[in-house]
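Here the structure comes first, spelled out in C-alpha cells, and everything after it is commentary.
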Amino acid sequence: MQNLLEVRNLRKDFHTKKGLLQAVNDITFDVRRGETLGIVGESGCGKSTTGRAVLRLVEPTSGEIRFDGQDILAYSARKMREARKDMQIIFQDPFASLNPRLSISQIIAEPFDVYRMYGPGERAQRVLELMRTVGLSNKLVNAFPHELDGGRRQRVGVARALALNPKFIVCDEPVSALDVSIQAQILNLIQDLQQKLDLTYMFISHDLSVVKHISNRVAVMYLGKIVELTTSRKIFTNPLHPYTQALLSAIPLPKVGAEKRRRIILEGDVPSPINPPTGCIFCGRCPFVMVKCRETPPPIVEAEPDHFVSCYLL
Amino acid sequence: MAERLLEIENLRVEYHTDDGVVTAVDNLKLHLNKGQTLGLVGETGAGKTTTALSIMRLVPAPPGRIVSGTVRFRDEDLLKKRIDDIKKIRGNKISMIFQDPMTSLNPVLTIGFQIEEAVMLHQGLDRKAARRRAAEMLRLVGIPAEREGDYPHEFSGGMRQRVGIAMALSCNPELLIADEPTTALDVTIQAQVLELMKRLREQFSTSMLLITHDLGVVAEVCDHVAIMYAGTIVEYADVTTLFTNPRHPYTRGLFGSIPSLDEEVTRLKPITGLMPDPTALPSGCRFHPRCPMAGEICSSRIPQVTELDNDHSVHCMIYEGLVPGYEE
Ligand SMILES: Nc1ncnc2c1ncn2[C@@H]1O[C@H](COP(=O)(O)OP(=O)(O)O)[C@@H](O)[C@H]1O
Ligand SMILES: Nc1ncnc2c1ncn2[C@@H]1O[C@H](COP(=O)(O)OP(=O)(O)O)[C@@H](O)[C@H]1O
Ligand SMILES: [Mg+2]
Ligand SMILES: [Mg+2]
C-alpha cells in the first residue's frame, strides 16, 4: 500500500467563549510511505491542530484517519497508546516540551517507562545509541535541558521521538525557533534520519522556503482548509491558488539582481476561524474574487496530475 | 563623498550578570551615510539590539554598561552628551521601532492620543495641530481615522506595527532604528509592513538602521549590510557586493544555511558547531572554532579590518594574508 496515512474530511472544532471555532475545516490528504508531506500556512490556519489530530492528541470532531490501513479513530485508548509507538511528534519549542527536572537520558528514556521496555542496562545502551544517532555528545547524558542551547535541545526532542522506532513523525515547526545556522544543522539531521530509518514525515512550518526544501509534496493551508496540494517543485514553479501565489510573492528572497517578481500585497488580516466567510474562505482577500466565490465554496479539482487546487479560476 | 550621519567606533558594551560578564558588543565599528538604509544582520545574541540601544543610550544599567567607544551622530558624540540632551534627541531626531510594538506603546492610552503627545513634546505643536498630524500619520500607515480612539491591544500584530511606525515617524526623524520590525509577523503581513516602510522612507527621506536576521529582508530593503557575529562586525558592504561576493567565512556560512525557494538544493551546508557562550567568548577571532578555513593563528590573534574595493571591508585573517584562502 502506497499511503501510510489517509485523512478524509477531517474536522476539528473548538468551543470557545466567542463561538464555534473551526480550526480544521474538512480537509483531505494522504501521506505516502517514505515521503515528507509539508504543511504550510500562516499562524492560526490550523497546521498544529491538523498534526495533533492525525495522532489523536486532540480528538477530531469528525472525519476518517487511516494509518497503515487501520481506522485509528475506532481504536480504544489502550490500542491507540500501542499505535502511538509508530506515530511520534517533534515540537517547535524544544524547551517547553522537555521536562526541566529530568536529565537528558531520563527524557530520552521516558517512552521506555511508558511502554515498559528494556532492562536498566539495555536501556542505558539504547539511550547512548539514540544520542549518537542525533549527534549529541555522550557527555551530555546527565545534563539538564536548560544547560543546552536550542539546537541541542531540539536534538533531544528528536531522540525522544525516535526512541520507539516509529514509522511516522509529525514535525511541528521543529526549526522555527532556531537561528539559521542551527536550523540548517537540524534540517540536515531530519533528512538523514529519514533515509537511515525509513521514516515518513508530516513537516509543518510557516516558512515556505523550509517546507519546500524538505518536502516532496506541500499542502498550503488557509483558515482551516487546504487550498492547494502538489509537489514542492510545482508549488514554486506553477502555484495555482491566488493565496499560494500571494504567499510566494510575499517572501523576500535573499538575492540581488534577480528578475523582479510581481509582488501581490494582500489587503487586511486573516479573518477569524470563528465566523469564517461563507463561500471560499479566501474570498475576502482574494484579488480575483467573483460573485460565486462569496456564495459557495469551490470544490477541489486536480488541475494537472498530482496538483490539487480549490479555486473557481481553474 | 556621501555625508556621514552615524559613525560608531570602538564600541564596547558589557552586561554584568550572575553568570559572569557578557561582552555583548566589542570593538564595533559601523557607519551609516545620510539617506541610506543599513541592514545589521546576525543571529540571536550577536549584539544587534545592544548596539541599537547604545545609540539611543537605552542600555539598561545595571546590568549593562557602555564601557568605551564613540557614537557620532552628525557631529556630536552621543555617548558624551548629558542624558537630558539625549532625551531631546530620542523620538525626535532618532526614533526606534521594536519587534514588539507594545514596548513603545502605552497600553492604557489611545493610539491617537499617544502620537499627539509625542509631536507636542518634540515638535512644539499645539493640541489642534498635533491632532491633525496624528491623523495624517495614521492615514499614511493605512489605519482608518475611526480607529484613532482605540487602544493598542485592540489591534492585530500587523496593525500594531503600523501604529509603531506612525509613532516613530511622526516627528520626522533623521534616523530610524528598526529592531526586527517584522520578525513576529506572518509573511503576507510582513510584506505589507516592508512595503509601507519603503514608501515612507522615500517620502520622509529618513535614513534607517534595520536590524534583522533575515537576509531576504536585507536584499529587499537595504542598500548596505553589516554582518555581526559575537559582538563585532565581521563584514560590511553594499548589498550587491555582499550577496554576490561574500568574503567572510561566517557570511558564506549563512548563505549556505538558508533553504532556497527558487533553486533545487538537496542539502544545506550548515555552519558547524554552536553559538559561543557569551560569558566565555573564544580568544582571537570569535568565529574560529566554527570556521572551516581557520588556521593556527586564528585562535590567538584578533583579525584587523581589511578594506577591499568600494567600501567593502572584512575582518578575517585570510584577507590579511595570514591564512590560506578560498580556491576560486
Ligand atoms: N485548544 C484550543 N482551544 C481553542 N482554540 C484553539 C485551540 N487550539 C487551537 N485553537 C485555534 O485554532 C486555530 C488553529 O490553530 P493552530 O492549529 O494552532 O494553527 P497553526 O498551527 O497553523 O498556527 C487558531 O485560531 C487557534 O487559536
Ligand atoms: N539585560 C541584559 N542582561 C544580561 N545580558 C544581556 C542583556 N541584554 C542582552 N544581554 C546579552 O548580551 C548579548 C547580546 O544580546 P542582544 O544585544 O540582545 O543580541 P541580539 O539583539 O543580536 O539578539 C547576549 O549574549 C545577551 O544574552
Ligand atoms: Mg502551530
Ligand atoms: Mg535583538
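Naming convention: chains lettered A, B, ... in sequence-line order (proteins, then strands); numbering from 1 in each chain. Keep in mind that the numbers below use all heavy atoms, side chains included, and drop hydrogens, waters and symmetry copies. Remember, it's a predicted structure, so these values are computed and weren't measured experimentally.
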Partner of B/Met228 by side-chain contact (heavy atoms from CB on, under 4.5 Å), out of B/Val41, B/Leu40, B/Ile211: B/Leu40
Residue from A/Thr50, A/Val227, A/Ile281, A/Ile204 passing side-chain contact (heavy atoms from CB on, under 4.5 Å) with A/Met221: A/Thr50
Residue B/Ile189 versus chain A: region with a heavy atom under 4.5 Å: both
Residue part contacting chain A, namely of B/Val218, when any heavy atom lies under 4.5 Å: neither
Heavy-atom side-chain proximity of [X] to [Y] below 4.5 angstrom:
{"X": "B/Leu140", "Y": "B/Leu200", "value": "yes"}
{"X": "B/Leu210", "Y": "B/Val221", "value": "yes"}
{"X": "A/Leu253", "Y": "B/Leu261", "value": "yes"}
{"X": "A/Pro242", "Y": "A/Leu313", "value": "yes"}
{"X": "B/Ile318", "Y": "B/Pro249", "value": "yes"}
{"X": "A/Val220", "Y": "A/Leu229", "value": "no"}

Best-contacting candidate, B/Pro259, B/Gly273, B/Ala191, B/Ala219, against chain A by heavy atom pairs under 4.5 angstrom: B/Pro259
Part of A/Leu187 within contact of chain B (heavy atom distance under 4.5 Å): side chain
Under 4.5 Å from any heavy atom of chain B - which part of A/Ile265: side chain
Kindly provide each donor-acceptor pair between chain A and chain B shorter than 3.5 Å, listing atom names and distance.
unit_1: A/Glu42; atom_1: OE1; unit_2: B/Thr188; atom_2: OG1; d: 3.2
unit_1: A/Glu42; atom_1: OE2; unit_2: B/Thr188; atom_2: N; d: 3.1
unit_1: A/Glu42; atom_1: OE2; unit_2: B/Thr188; atom_2: OG1; d: 2.7
unit_1: A/Ser43; atom_1: N; unit_2: B/Asp186; atom_2: OD1; d: 3.1
unit_1: A/Ser43; atom_1: N; unit_2: B/Asp186; atom_2: OD2; d: 3.2
unit_1: A/Ser43; atom_1: OG; unit_2: B/Asp186; atom_2: OD2; d: 2.6
unit_1: A/Asp179; atom_1: OD1; unit_2: B/Thr44; atom_2: N; d: 3.1
unit_1: A/Asp179; atom_1: OD1; unit_2: B/Thr44; atom_2: OG1; d: 3.0
unit_1: A/Asp179; atom_1: OD2; unit_2: B/Thr44; atom_2: N; d: 3.0
unit_1: A/Asp179; atom_1: OD2; unit_2: B/Thr44; atom_2: OG1; d: 2.8
unit_1: A/Ser181; atom_1: N; unit_2: B/Glu43; atom_2: OE1; d: 3.1
unit_1: A/Ser181; atom_1: OG; unit_2: B/Glu43; atom_2: OE1; d: 2.8
unit_1: A/Ser181; atom_1: OG; unit_2: B/Glu43; atom_2: OE2; d: 3.2
unit_1: A/Ser181; atom_1: OG; unit_2: B/Arg290; atom_2: NH2; d: 3.1
unit_1: A/Gln185; atom_1: NE2; unit_2: B/Ile271; atom_2: O; d: 2.6
unit_1: A/Gln185; atom_1: NE2; unit_2: B/Gly273; atom_2: O; d: 3.0
unit_1: A/Asn188; atom_1: OD1; unit_2: B/Leu268; atom_2: N; d: 3.4
unit_1: A/Asn188; atom_1: ND2; unit_2: B/Leu268; atom_2: O; d: 3.0
unit_1: A/Gln191; atom_1: NE2; unit_2: B/Thr266; atom_2: O; d: 3.3
unit_1: A/Asp192; atom_1: OD1; unit_2: B/Arg267; atom_2: NH1; d: 2.7
unit_1: A/Asp192; atom_1: OD2; unit_2: B/Arg267; atom_2: NH2; d: 3.2
unit_1: A/Lys212; atom_1: NZ; unit_2: B/Leu261; atom_2: O; d: 3.0
unit_1: A/Lys212; atom_1: NZ; unit_2: B/Glu263; atom_2: O; d: 3.3
unit_1: A/His213; atom_1: ND1; unit_2: B/Val265; atom_2: O; d: 3.2
unit_1: A/Lys255; atom_1: NZ; unit_2: B/Asp262; atom_2: OD1; d: 3.2
unit_1: A/Lys255; atom_1: NZ; unit_2: B/Asp262; atom_2: OD2; d: 3.1
unit_1: A/Lys255; atom_1: NZ; unit_2: B/Glu263; atom_2: OE2; d: 2.6
unit_1: A/Arg263; atom_1: NH1; unit_2: B/Glu220; atom_2: OE2; d: 2.7
unit_1: A/Arg263; atom_1: NH2; unit_2: B/Glu220; atom_2: OE1; d: 3.4
unit_1: A/Leu266; atom_1: O; unit_2: B/Gln192; atom_2: NE2; d: 2.5
unit_1: A/Gly268; atom_1: O; unit_2: B/Gln192; atom_2: NE2; d: 3.1
unit_1: A/Asp269; atom_1: OD2; unit_2: B/Ser156; atom_2: OG; d: 2.7

